[in-house]
Trainee: 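Take this structure, written in structure tokens, and hold onto it; I'll ask about it next.
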Amino acid sequence: MNAILRHEQLLQDTPTVSFELNGRTVSGGANETILQIARREGIAIPHLCYMDGLDTAGNCRACVVEIGGERVLAPSCCRHPSNGMKVTTDSARAVRAQKLVIELLQSDMPEAEYTRHNEVDRWAEQLALGKPRFAPRARAAADLSHPAIAVNLDACIQCTRCLRACRDEQVNDVIGLAYRGSGEKIVFDMDDAMGASTCVACGECVQACPTGALMPARDAALAVPDKMVDSVCPYCGVGCQLTYNVKDNKILYVEGRDGPANHKRLCVKGRYGFDYAHHPQRLTRPLIRRADAPKRVDMAMDPERVMEVFREATWEEALDLVGRQLTRIRDTHGGKSLAGFGSAKGSNEEAYLFQKLVRTGFGSNNVDHCTRLCHASSVAALLEGIGSGAVSNPVMDVTKAEVVIVIGANPTVNHPVAATWIKNAVKNGTKLIVADPRRSDLARLSHRTLQFKPDTDVALLNAMMHVIVHEGLVDEGFIASRTIGYEELRQNVDGYSPESMAPVCGIDAETIREVARLYASSKGSMILWGMGVSQHVHGTDNVRCLIALALMTGQIGRPGTGLHPLRGQNNVQGASDAGLIPMMFPDYQRVDNPAARQKFEALWGVPLDPQPGLTVVEVMNAITEGKVRGMYVMGENPAMSDPDASHAREAMAALDFLVVQDIFLTETAYLADVVLPASAFPEKTGTFTNTDRLVQLGRQAIDPPGDARQDLWIIQQIAMRIGLAWNTADVSEVFDEMRRSMPTIGGITWERLQREHAVTYPCTQEGDAGQAVVFTEQFPTASGKARFVPADIIPAAEKPDAEYPNVLITGRQLEHWHTGSMTRRATVLDAIEPDPVALIHPLDLAQIGVRAGELITLQSRRGKVSLYARADEGTPPGAVFVPFCYYEAAINKLTNPALDPFGKIPEFKYCAIRILPGGDAPEQGSYGGGQIMGAHAA
């Protein structure tokens, strides 16, 4: 178990001891170390191998103190106090030993740039040591093979902080200590070069290293920042807190901060994916499409000739044009002829104002964002079943669970820091069940891995429920007091025995029975899922089954239990909460509910449309039908993210008017009539809600480049030009209006967020702590009870056949995020994963006569792409996995736009394709060329 969790657990019910420290009486927990208590008392003891958050090693001996009566020098990082003990940290004997250790280590420390701020020198200065008397050891050659991390083992003191960070905290198991005697050294895997190792570049080792032996592979890390700005990570939904180190309006490097979700941990994107904000392709002036420039849906535009298509404009001209065109379309064709796509990358305040603009300015509910493409089916099932679309328990609750099921998710890739807590829990005894058609990295730690056939989620989950019902493992009391509809579900699962479902889902009956028993009978079982569950035509049914599993066993409403859909983008939870969805006002108050509508009409001062609006895919269809004629897109890239991307591009090109607000000229912006240069994440202040329902404050660290403007300002300028009398001066005023309309965050004040940085909702009254675990006594439904909803097998909308015999699965990869517009312009991330790849089982590669690294072409009924083959034994035979972040191999050209009837989410995770050897090579290079779209678009 990692040190953070152990320390928190030991402090609970730990007896207090009283002892003498440097002549005065102090007290502390019996399970605290002398070093921890001394630091709390303001007494500095040299230490190098010790680091907050890591298990203690006690191997450097710089922290020795004298224990009275024992005549010993003890390492204070390992020694616990006892009642009456006398401890001296600054006795002549202790200080002499401390100095000798530091001097010996300092003698081996090279004078180099990378050791400029090392902890050995800092302690030497504090102990008033002069130059070391001892000869240095032989220098080691630097290893600069990794794009993110430089290895300088001549500065290594073998404190093993990097090893413990890698092994115990991140549980990546890359770093070891090898050889013996004077040859002992830190190694990566089997003493491989860092760049050739299995390192995932989370940077935990760099953050842990006290000397510069492990450093960011960039000169900026050696510079001294002018300021340090506390903020949050702009990528996935985990919501890691971090600190930007800034000099001359440029982010030098990023460090993890002790936030509730990450406790200083970061992943490769959070730590190294920041320099996109400084990329030369940033939009800095408004652009207006030239009258004679056609809209090229194939995107084959020469980046050097972009200004032949667009011309630069002033803000006044661009905004006036936007206002005129949107007003004209609205007044001529009605409010429903306009639509808006907001962003889950933006703040809560931006999402709130954007949906308010569409509803009050356009006059319809045609507003949506990327939650429609990731967890819409999860939200639909959760609202239907338990009355809330949010998670019941935070990710960290996996450390309190006896059994954890991770289904349809790959947290080590999509939510890497959350995955570390899962791995920590497993090392502490939690039984992990991984269920997914692909075998992920978590499988190496799992108690059981259920690699079921794609598209058979309901068969597997109903079989588990069959076991629980027929073996009497249901929680009768919970069912009777807190649920409705159980009898119908019980009858439904009668026909889904493990023996009958085993051939369907590919998991043997006895394994299904074992997993069902484990889940139902443990003191605490928790389910986490991702888009592998939700992105199907039966995604809502998949989640209905997960809800039923939790309800029938009473595994919800307590710490270490519950349901947690892992949110994909940094603010997809908050954007949904703020009403950036077509059927809900803020706080999930339905637009067709008269009481809710009257409430918002009173707040906003205008009549509101009583009919739910169109979803993302429905908007694209409505454009081709001539029903939607104008769009406002803020921070979304549907030309890449939508299914059947070619159809989406053709639809947007057919619009009478399209305005795009973004930081780069994305694939969607290529199709725009007006492009407005917006602010990147570190260039603005606002709140963001993570997957745990934690509302956190992101702070502005740098200024936008050129004439780019902050998104809130742009939204308000457009609002005023279409007839709305808005005059909100500060982001805090927007948040205050949100509080008045959203009861769940009513108790969270802007002042509190500035002070505490993060507050969990529901928090209805000022001063409330917030509820990390919900549904403890009742569910937020009309009856207070949760509802069972049975589900039957519904096949995918498109099955493999003789012409298209393979299955395509899409998703994200570790180094890149969403459509790649940010991460592919981040130097380190693009260096690690520069080219589009398809992950295919080695047997399938052999069958089509292709070797790993060679070109293949994937083709569906909607399109084709060419990219490089990568052998992956985790991908099942017959399937192909492709990340959707690559412009030059836009895999969503192939995906099926068929929708789940309830969540209206497309079936990204299943469509029929064929694999052909060879193809046209994707354009080489990266976005780093400084052109509008870079070499990939040439």
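Worth knowing before you read on, the calculation uses all heavy atoms, side chains too, and leaves out hydrogens, waters and symmetry mates.
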Trainee: Tell me, yes or no, whether the heavy-atom count around K131 atom NZ, taken from other residues, nucleotides or ligands under 6.0 Å, exceeds 12.
Mentor: no

Trainee: Atom CD of E833 and atom CD of Q813: how far apart are they, to the nearest 0.5 Å?
Mentor: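 The CD atom of Q813 is 4.5 Å from CD of E833, to the nearest 0.5 Å.
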
Trainee: As an exercise, state the distance from OG of S197 to CG of D191, rounded to the nearest 0.5 Å.
Mentor: 11.0 Å

Trainee: Does the side chain of S231 come within less than 4.5 Å of L242's, by heavy atoms?
Mentor: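 Yes, at least one pair of side-chain atoms sits under 4.5 Å.
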
Trainee: Mind checking the OG1-OH spacing from T827 to Y272? Nearest 0.5 Å is all I need.
Mentor: 13.0 Å

Trainee: Is there a donor-acceptor pair closer than 3.5 Å between any side-chain N or O of R164 and the backbone N or O of E169?
Mentor: no

Trainee: Which atom names give the shortest non-hydrogen contact between S525 and L518, and what distance separates them?
Mentor: OG-O, 4.1 Å

Trainee: Locate the shortest heavy-atom distance separating G568 from R812; write the atom from each residue and the value.
Mentor: CA-NH1, 3.7 Å

Trainee: Taking D52 first and then R39, would you say they form a salt bridge - that is, a charged N and a carboxylate O separated by under 4.0 Å?
Mentor: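 Judged by the 4.0 Å cut-off on N to carboxylate O distance, D52 and R39 do form a salt bridge.
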
Trainee: For C159, check side chain to side chain contact (heavy atoms under 4.5 Å, CB included) against everything at least two apart and list the hits.
Mentor: C49, I157, R161, P210

Trainee: Looking only at heavy atoms, which two atoms of M396 and H263 are closest? And how far apart?
Mentor: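 Taking every non-hydrogen atom into account, CE-CD2, 3.7 Å.
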
Trainee: Pair R752, E756 - check salt bridge (Lys or Arg N to Asp or Glu O under 4.0 Å), show working.
Mentor: CA-CA 6 Å; R752 182 178 177 183; E756 300 179 16; 3.2 Å; yes

Trainee: Might you point out which heavy atoms bring Q126 and A44 nearest each other, and give the distance in Å?
Mentor: NE2-CB, 3.4 Å

Trainee: Going by the rule salt bridge (Lys or Arg N to Asp or Glu O under 4.0 Å), which residues pair with R699 if we only count those two or more places apart in sequence or in a different chain?
Mentor: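 Testing R699 for salt bridge (Lys or Arg N to Asp or Glu O under 4.0 Å), a comparison that skips the adjacent residues, returns none.
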
Trainee: Side chain of S82, backbone of M85: donor and acceptor closer than 3.5 Å?
Mentor: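 No, the answer is negative, given that no donor and acceptor are paired below the 3.5 Å cut-off.
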
Trainee: Does anything in residues 14-69 form a ring-ring contact (aromatic ring centres under 6.0 Å, His included)? List the pairs, not counting sequence neighbours.
Mentor: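 Of all non-adjacent pairs touching residues 14-69, those that pass ring-ring contact (aromatic ring centres under 6.0 Å, His included) are H47-Y50, H47-W123.
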
Trainee: Please determine whether side chain to side chain contact (heavy atoms under 4.5 Å, CB included) holds for the pair L442 and K423, giving the CA-CA distance in whole Å, both sets of side-chain angles, and the decisive distance to 0.1 Å.
Mentor: CA-CA 8 Å; L442 276 183; K423 291 184 279 188; 3.7 Å; yes

Trainee: Going by the rule side chain to side chain contact (heavy atoms under 4.5 Å, CB included), which residues pair with V101 if we only count those two or more places apart in sequence or in a different chain?
Mentor: R61, A62, L105

Trainee: What heavy-atom pair brings T691 and V391 nearest, and what distance separates the two atoms?
Mentor: O-CG2, 3.1 Å

Trainee: Measuring from L177:CG to L163:CG, what's the distance to the nearest 0.5 Å?
Mentor: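 The CG atom of L177 sits 6.5 Å away from the CG atom of L163.
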
Trainee: Side-chain donor-acceptor pair under 3.5 Å between T88 and N22, yes or no?
Mentor: no

Trainee: Give a yes-or-no answer on whether the side chains of D258 and Q241 include a donor-acceptor pair shorter than 3.5 Å.
Mentor: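 No.
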
Trainee: Please check this pair: side chain of N424 against backbone of D168, looking for a donor-acceptor N/O pair closer than 3.5 Å.
Mentor: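 Between the backbone of D168 and the side chain of N424 there is a qualifying donor-acceptor contact (under 3.5 Å).
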
Trainee: Are any of the side-chain heavy atoms of K269 and L829 separated by less than 4.5 Å?
Mentor: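 Touching, per the 4.5 Å side-chain cut-off.
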
Trainee: Answer yes or no: is there a side-chain heavy-atom contact under 4.5 Å between V406 and L432?
Mentor: yes

Trainee: I'd like to check the salt bridge (Lys or Arg N to Asp or Glu O under 4.0 Å) partners of D226; sequence neighbours left out, ordered by chain and number.
Mentor: K247

Trainee: Are side-chain heavy atoms of T399 and T430 found at a separation under 4.5 Å?
Mentor: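 Result no, sub-4.5 Å side-chain heavy-atom pair not found.
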
Trainee: Among pairs that include at least one residue of residues 146-186, which meet ring-ring contact (aromatic ring centres under 6.0 Å, His included), considering only residues two or more places apart or in two chains?
Mentor: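 Residue pairs passing ring-ring contact (aromatic ring centres under 6.0 Å, His included), neighbours aside: none found.
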
Trainee: For the residue pair T211 and L48, establish whether any side-chain heavy-atom pair is separated by less than 4.5 Å.
Mentor: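 No; the side chains remain at least 4.5 Å from each other.
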
Trainee: State plainly whether the residues R139 and D154 are in salt-bridge range, i.e. N to O under 4.0 Å.
Mentor: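 The answer is yes: the pair qualifies as a salt bridge.
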
Trainee: Checking Q158 side chain against C60 main chain: does a donor-acceptor pair fall under 3.5 Å?
Mentor: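 No; judged by distance alone, with no hydrogens or angles, the pair does not exist.
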
Trainee: Suppose we call two aromatic rings close when their centres sit under 6.0 Å apart. Are W421 and H415 close by that rule?
Mentor: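 Distance test on ring centres: not under 6.0 Å, no.
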
Trainee: Do the side chain of Q98 and the main chain of P46 share a donor and acceptor less than 3.5 angstrom apart?
Mentor: no

Trainee: Does any donor atom in the side chain of N410 or T412 lie under 3.5 Å from an acceptor atom in the other side chain?
Mentor: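 Short answer, yes.
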
Trainee: Heavy atoms, side chains only, cut-off 4.5 Å: are P216 and V206 in contact?
Mentor: yes

